[in-house]
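Notes follow once the structure below has been shown.
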Protein chains: 2
Amino acid sequence: MADPHLRLQEMIAKLKNLNFRLTPQRLAVLKILAASTNHPSVEWTYEKVKRTFPTTSLATIYKTIALLKEVNEVLEIRFSESSRFDGNKPYPHPHMICLKCKKIQDPDLIGLEKLTEQATQLTGFQIVDHRLDFFGLCPECQIKGSPTVIP
Amino acid sequence: MADPHLRLQEMIAKLKNLNFRLTPQRLAVLKILAASTNHPSVEWTYEKVKRTFPTTSLATIYKTIALLKEVNEVLEIRFSESSRFDGNKPYPHPHMICLKCKKIQDPDLIGLEKLTEQATQLTGFQIVDHRLDFFGLCPECQIKGSPTVIP
DNA sequence: GTATGTGCAAAGAGTTTGCAGGGTA
DNA sequence: TACCCTGCAAACTCTTTGCACATAC
């Protein structure tokens, strides 16, 4: 993962450059997204921010994340039920998703570029984005009946 | 693509074997999903079925597709906005998705198995499903301002 | 004949939006 | 001080559900 502190500074710089204001609530969201490897959900981020700012609203979390998406400082991983976010690596990359505990992990795969080339040549598409998800059971969930934790 | 007539027969056989009833509405949905290469949405399927059965309800389309998902005779491609379906190839495969006209196409890519193996070995996940989507502009949409058609 | 499927309307979940009041630069 | 941001509640979209009536087998 990228250095969380560095990522936070990058995010702050981006927002300042674009003349967006750095409110305490926003800063709290940035910190969480910059440092998390667990691909937080909106709800999880909301609960975490509320520990510091109990009056924070869900709408503010949504609005802040929408802003970060707009300036490409967070990657949204959309599922039909809800979305998960990655502010540490805000660019497309493969994910391993545990169907039981909902953990999301980033494997370093080699060869995805080759597939992208093939796809381009076969279809003539001008590719601007991609998404590769593997679904299954993580090592922990293969063994015990681990609790379902949705980050 | 698989032979649409054959696919329809397979779907019918599956439902009969499991003692589900073959209503005219259901049959209409099966026909559409077995024969379509455009990865229909629920809404598109609904409009198409209504031409033959004007009193059909959206709920029936949803219920029929849910049934087909349950017996693995249709692949659901979920997006946060809505889902698209493939009854012709009801198993995981890569998709090319045009961001403009919403067309979805199936490229025959070589090498995805290698990535799956890598992912398994790197993470220890027991993989049961995957999804690979490429997003971009199809050849038509790269040129003209083609109309946005959502199947 | 009987259980299953249909159609309508209402409920549900996650997300977005409008607006009045409050805080940043 | 001026404008942007927050927080609350209502709205929105896609999908699911409950229930009375209809119908496939």
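All heavy atoms count here, side chains included; hydrogens, waters and symmetry mates do not. Just so we're on the same page: letters track the sequence lines, and every chain starts at 1.
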Please classify the nucleic acid contact of Glu43(A) as base, sugar-phosphate, or nothing, using heavy-atom distances under 4.0 Å. nothing
Assign the ring pair Phe134(B) / His130(A) to parallel, tilted or perpendicular, where the plane angle (0 to 90°) is split at 30° and 60°. tilted
Grab the CG-P distance between Asn19(A) and dC5(D) for me, whole Å please. 10 Å
Check this one for me: any side-chain N or O of Thr23(A) less than 4.0 Å away from OP1 or OP2 of dC4(D)? no
Can you see whether Phe53(B) has Arg26(B) sitting over its ring - NZ or CZ less than 6.0 Å from the centre and within 45° of the normal? no
Lys16(B) NZ - dA24(D) C1' separation (whole Å): 11 Å
Taking the side chain as every heavy atom from C-beta outward, state whether Leu33(B) and Met11(B) have any atom pair closer than 4.5 Å. yes
DNA chain C-proximal residues of residues 59-68 of chain A, any heavy atom under 4.0 Å: Ala59(A), Tyr62(A), Lys63(A)
Mind checking the OG1-CZ spacing from Thr56(B) to Arg51(B)? Nearest 0.5 Å is all I need. 12.5 Å
Atom CZ of Arg21(A) and atom P of dT6(D): how far apart are they, to the nearest Å? 10 Å
Would you say dG7(D) has OP1 or OP2 under 4.0 Å from some side-chain N or O of Gln25(A)? yes
Whole angstroms only, please: what is the CD-P distance between Glu76(B) and dT15(D)? 8 Å
In terms of the angle between their ring planes, are Phe79(A) and Phe135(A) parallel, tilted or perpendicular, with boundaries placed at 30° and 60°? perpendicular
Short side-chain N/O contact to dT6(C) OP1/OP2 from Thr55(B), under 4.0 Å: no
Send over the distance from Glu70(B) CD to dT16(D) P, rounded to a whole Å. 11 Å
To the nearest Å, give me how far apart CZ (Phe20(B)) and P (dG5(C)) are. 7 Å
Distance, rounded to the nearest Å, where Leu27(B) contributes CG and dT23(D) contributes C1': 15 Å
Would you classify Ser80(B) as touching base, sugar-phosphate or nothing, given that sugar-phosphate means primed atoms plus P, OP1 and OP2, and contacts are heavy atoms under 4.0 Å? nothing
Shortest side-chain distance from Ser57(B), nucleotide among dC8(C), dC8(D), dC14(D): dC8(C)
Any Lys/Arg nitrogen of Arg7(B) or Glu10(B) sitting under 4.0 Å from an Asp/Glu carboxylate oxygen of the other? yes
Atom pair distance, as rounded to whole Å: CG in Asn17(A) and C1' in dA25(C): 15 Å
Per Leu22(A) side chain, nearest of listed nucleotides dG14(C), dT6(D), dA25(C): dA25(C)
Distance in Å, His93(B) NE2 paired with Asp106(B) CG, rounded so as to fall on 0.5 Å steps: 3.5 Å
